[in-house]
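Following: one structure in structure tokens, then a few remarks.
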Amino acid sequence: MHDHADHSHMTDIEARVRALETVLTEKGYIDPEAVDAIIQTYETEIGPRNGAHVVAKAWSDPAFRSWLEKDATAAIHSLGFMSRQGEHMQAVFNGPGQHHLVVCTLCSCYPWSVLGLPPVWYKSPPFRSRAVIDPGGVLADFGLTLPDGTAITVHDSTAEMRYLVIPERPKGTEGWSEGELAKLVNRDSMIGTALADAP
């Protein structure tokens, strides 16, 4: 008998999800095409790459940055990034001596339209409670040490307002295109637990 287990790259969780999907499909509770459409949407249309596009444009287009400062919701929607939980947005800008960190202390409010689904740690009680009490300690846990004297402002997301951190533009990127800049923007830098990648 040939053992296929050695050739499987699925984790235990992935295998359980696949088994559950199979059972629900066979019983007629879900439509596989609808599930595929949802997955495709989150892989290609919703997610951190949208936020990276917003950040890169803010770095390279002063008019867009100004619009983002005044009305982030409208500026972000102008790029076509609008969906559930992206209706009310505020952009906060990191700069010399100033760093922003986003948390949702009550639950897990998160801007899906620009960042996709929230990471597991964002919803965890330790992150939600410590971020407001000891933001520097939380950032240290993520491996981020800021220069002495940097003020950390913590923003508590709610159903009425969600935040997008605009990290500082990395040095050495003068003349880069928006597409090139977007590749330096990672999800965590838009939550405030990391910086943008170095070129």
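A pairwise comparison of heavy atoms in Val165 and Gly192 identifies CG2-N, 4.1 Å as the closest pair. Of all heavy-atom pairs spanning His100 and Asn94, the tightest one is N-OD1, 2.8 Å. Closest of all the heavy-atom pairs between Cys107 and Cys109 is SG-SG, 3.7 Å. Across all non-hydrogen atoms, the minimal contact from Ala196 to Ser189 is N-CB, 3.7 Å. Of all non-hydrogen atoms in Pro199 and Lys171, the two that sit nearest each other are CG-O, 3.4 Å.
With rounding to the nearest 0.5 Å, the separation of CD in Gln90 from CG in Asp71 is 10.5 Å. If you take OG on Ser108 and CZ on Arg128, they are separated by 7.0 Å, rounding to the nearest 0.5 Å. The CG atom of Leu68 sits 9.5 Å away from the OG1 atom of Thr73 when rounded to the nearest 0.5 Å.
Neither Leu106 nor Tyr122 shares a network with the other; the hydrophobic side chains, linked directly or stepwise wherever heavy atoms of I, L, V, M, F, W or Y lie under 4.5 Å apart, form separate groups for each. Hydrophobic clustering of Ile, Leu, Val, Met, Phe, Trp and Tyr side chains at less than 4.5 Å, counting indirect connections, unites Leu117 with Val102. Taking hydrophobic clusters as Ile, Leu, Val, Met, Phe, Trp and Tyr residues chained together by side-chain heavy-atom distances below 4.5 Å, Ile133 shares a cluster with Ile191.
A perpendicular orientation is assigned to the rings of Phe142 and Phe127, their planes being inclined by more than 60° (bins at 30° and 60°).
A distance-only check finds a donor-acceptor pair linking the side chain of Trp59 to the backbone of Pro167 [under 3.5 Å]. At least one donor-acceptor pair closer than 3.5 Å links the side chain of Ser60 to the backbone N or O of Ala56. Remark: the backbone N or O of Gly95 is not paired with any side-chain donor or acceptor of Gln98 at under 3.5 angstrom. Side chain of Ser66 to main chain of Pro62: no donor-acceptor pair is present (N/O by atom type, distance under 3.5 Å, no hydrogens or angles).
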Between Leu115 and Leu164, does a side-chain contact (heavy atoms from CB on, under 4.5 Å) hold up when you go through it step by step?
CA-CA 9 Å; Leu115 294 184; Leu164 175 68; 4.3 Å; yes
What do the steps show when you test Leu20 against Arg16 for side-chain contact (heavy atoms from CB on, under 4.5 Å), and what is the final call?
CA-CA 6 Å; Leu20 179 61; Arg16 290 179 187 178; over 6 Å; no
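Contact check for Val55 versus Leu184: no side-chain heavy atoms found under the 4.5 Å cut-off. Side-chain contact between Thr153 and Val92 is absent, with no heavy-atom pair separated by less than 4.5 Å. Counting heavy atoms from C-beta outward, Trp121 and Asp141 have side chains that stay 4.5 Å or more apart. Taking the side chain as every heavy atom from C-beta outward, Glu26 and Thr22 approach each other to under 4.5 Å. Within the 4.5 Å cutoff, side-chain heavy atoms of Leu144 are placed close to those of Leu195. Side-chain contact check for His99 versus Leu139: some heavy-atom pair is nearer than 4.5 Å. A heavy-atom distance below 4.5 Å is not found between the side chains of Glu160 and His88.
Taking a 6.0 Å sphere around NZ of Lys123, one finds it holds more than 12 heavy atoms contributed by other residues, nucleotides or ligands.
Between Tyr110 and the choices Ser157, Cys104, Pro119, the side chain to side chain contact (heavy atoms under 4.5 Å, CB included) rule is met once, by Pro119.
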